[in-house]
2 protein chains.
Amino acid sequence: MDEILNLKSQVCFPIYTLSREIIHQYRPFLDELEITYSQYLVLMVLWEQEPQTVNQIGKKLYLDSGTLTPLLKRLELKKFITRTRKPSDERVVEIGLTENGHELKSKAVLIPQKVAEAMSVSSEELLELKEIVMKILNKTKCS
Amino acid sequence: MDEILNLKSQVCFPIYTLSREIIHQYRPFLDELEITYSQYLVLMVLWEQEPQTVNQIGKKLYLDSGTLTPLLKRLELKKFITRTRKPSDERVVEIGLTENGHELKSKAVLIPQKVAEAMSVSSEELLELKEIVMKILNKTKCS
DNA sequence: CACTATTAGATTGTGCACAATATATATATA
DNA sequence: TATATATATATTGTGCACAATCTAATAGTG
């Protein structure tokens, strides 16, 4: 019993810690752009394709409207995105990027590299980590 | 630029998603014990050694007092822990387990196994994941 | 057309994380 | 022994996560 319920013998705690540590390492760089990590994720989704509905963004990030609605309102307040109800279906809110929102991408593109350097992680390690994580995630999500 | 700032090409997002997914998988089992995932982590620290100060717990979980103080008060309210100021140094709050808190351990010990099964992750995968995560974490934390 | 079910978001409430600041106690030093 | 410094925890405020509920709009059915 002592061995099982030990922080050191569990996997959940290191994963949880690493996730927080990565976000912590992103913070100083994202601070310069005046966005949070979650807002950065939303913007990444929009930089790939735009406009998208709240629902589409939520599905890609596995976040519900209770998280997204206030977050998107903050991004709108900061003039990075626009929120417009679709005329053909008033239930749907389409999220688009402003000029500012588009411009942010060129500044953000440098960050992942900087974070990897700050954490002194090699690209081999990153790849190995990503593969095993995706393998496990694909069992519960995606597939 | 398109390749770098893509959810699929980043490692941070899968880690963040896996962390949330693990907590999500723990939830139904922890609900039965009426504790949250963060409270479960605190209890694990206490099951290993008891009593411990707020500071000691915070160092092990990398959590600050702004997170721990209200969390510990909730655990106290639920009668799982006790909070006592040390007579010899009134600044220090010592956290101990109640009878209830001790008993919870025998129920909690079964959970990690159940979660691994629910996520259909093999112990080989768990080990591989843990090793690469610890390797990366050791560069920024611990060492 | 009226009625039901479905869908898309919004709202509310709880519980973290974490930065910044405050408070209270203890220790060190002149 | 005053006073400065350090230490331990608490408080406050912001921003997620997420469950549960609500509202408004649309789509399907007889």
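Quick note on labels: first sequence line is chain A, next is B, and so on, each numbered from 1. Because the structure is a prediction, the values reported are computed rather than measured.
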Does D:dA19 have its OP1 or OP2 closer than 4.0 Å to a side-chain nitrogen or oxygen of B:H24? yes
Hey, does B:T36 reach any base, or is it just sugar-phosphate, or nothing, if we go heavy atoms under 4.0 Å? sugar-phosphate
Assuming nearest nucleotide by heavy-atom distance, tell me which of A:S88 and A:P70 is located more 5' along DNA chain D. A:P70
Go nucleotide by nucleotide along DNA chain C from the 5' end; which of A:E94 and A:E21 gets its closest nucleotide reached first? A:E94
Minimum-distance nucleotide (side-chain atoms of B:V54 versus C:dT25, C:dG9, D:dT9): D:dT9
Separation of C:dA17 C1' from B:Y62 OH (nearest whole Å): 16 Å
Complementary nucleotide of C:dA28, counting Watson-Crick and G-U pairs under 3.5 Å: D:dT3
Side-chain N,O (A:Q39) to OP1/OP2 (D:dC16) below 4.0 Å: yes
Between atom CG in B:L77 and atom P in C:dG15, what is the gap in whole Å? 10 Å
Phosphate contact (C:dC18 OP1 or OP2) by A:R27 side-chain N/O below 4.0 Å: no
Could you work out which one of C:dC18, D:dT9, C:dT11 sits closest to the side chain of A:K73? C:dT11
OP1 or OP2 of C:dA17 sitting under 4.0 Å from any side-chain N/O of A:Y16? yes
Between B:E50 and B:L97 (side chain of the first, backbone of the second, donor and acceptor by atom type, cut-off under 3.5 Å), is there such a pair? yes
Provide, to the nearest angstrom, the distance between the CG atom belonging to B:L71 and the C1' atom belonging to D:dA10. 14 Å
Under 4.0 Å, heavy atoms only, any strand: does A:I23 hit a base, just the sugar-phosphate, or nothing? nothing
OP1, OP2 of D:dT9 versus side-chain N and O of B:N55: anything below 4.0 Å? yes
5' precedence on DNA chain C between B:S65 and B:K78 (nearest-nucleotide basis): B:K78
So, does A:Q10 use its side chain to make a donor-acceptor pair with the main chain of B:P112 at under 3.5 Å? no
C:dC16 pairs with which nucleotide, Watson-Crick or G-U wobble, both distances below 3.5 Å? D:dG15
From CD of B:E34 over to P of C:dT14, roughly how many Å is that when rounded to an integer? 16 Å
Look at the side chain of B:E21 and the backbone N and O of A:I136, then say whether any donor-acceptor pair between them is shorter than 3.5 Å. no
With sequence neighbours left out, what residues match A:L33 under side chain to side chain contact (heavy atoms under 4.5 Å, CB included)? A:I35, A:L104, A:K107, A:A108, A:I111
With no angle test and no hydrogens, is the base of D:dT9 tied to the side chain of B:R91 by a donor-acceptor pair under 3.5 Å? no
From A:L72 atom CG to A:I95 atom CD1, the distance as rounded to the nearest 0.5 Å: 4.5 Å
Could you check which of C:dT25, C:dA17, D:dC18 has an atom nearest any side-chain atom of B:E90? C:dT25
Name the closest nucleotide to the A:R74 side chain, picking from D:dA17, D:dG15, C:dG15. D:dG15
Distance test, side-chain N/O of B:R83 to OP1/OP2 of D:dA10, below 4.0 Å: yes
To the nearest angstrom, how far is B:Q56 atom CD from D:dT7 atom P? 16 Å
Return the value, rounded to whole Å, for the distance between atom CG of B:L61 and atom C1' of C:dA17. 13 Å
Listed nucleotide nearest any side-chain atom of B:R85, set D:dT9, C:dC16, C:dA26: D:dT9
Is the backbone N or O of B:Q39 less than 3.5 Å from a side-chain atom of B:R74, with the two atoms forming a donor-acceptor pair by type? no
Residue A:V93, side-chain heavy atoms: nucleotide from D:dA17, C:dA19, C:dA10 that is nearest: C:dA10
Distance check needed: D:dA17 C1' versus B:I22 CD1, whole Å only. 16 Å
Side chain of A:T69 (C-beta onward), nearest among D:dA17, C:dT11, C:dA8: C:dT11
For B:D89, which contact category applies under a 4.0 Å heavy-atom criterion: base, sugar-phosphate, or nothing? sugar-phosphate
Provide, to the nearest angstrom, the distance between the NZ atom belonging to A:K86 and the C1' atom belonging to D:dA25. 14 Å
Assign B:T67 to base, sugar-phosphate, or nothing according to its heavy-atom contacts below 4.0 angstrom with the strands shown. base
Residue pair B:L7 / A:E48: nearest heavy atoms and the distance that separates them: N-OE2, 3.2 Å
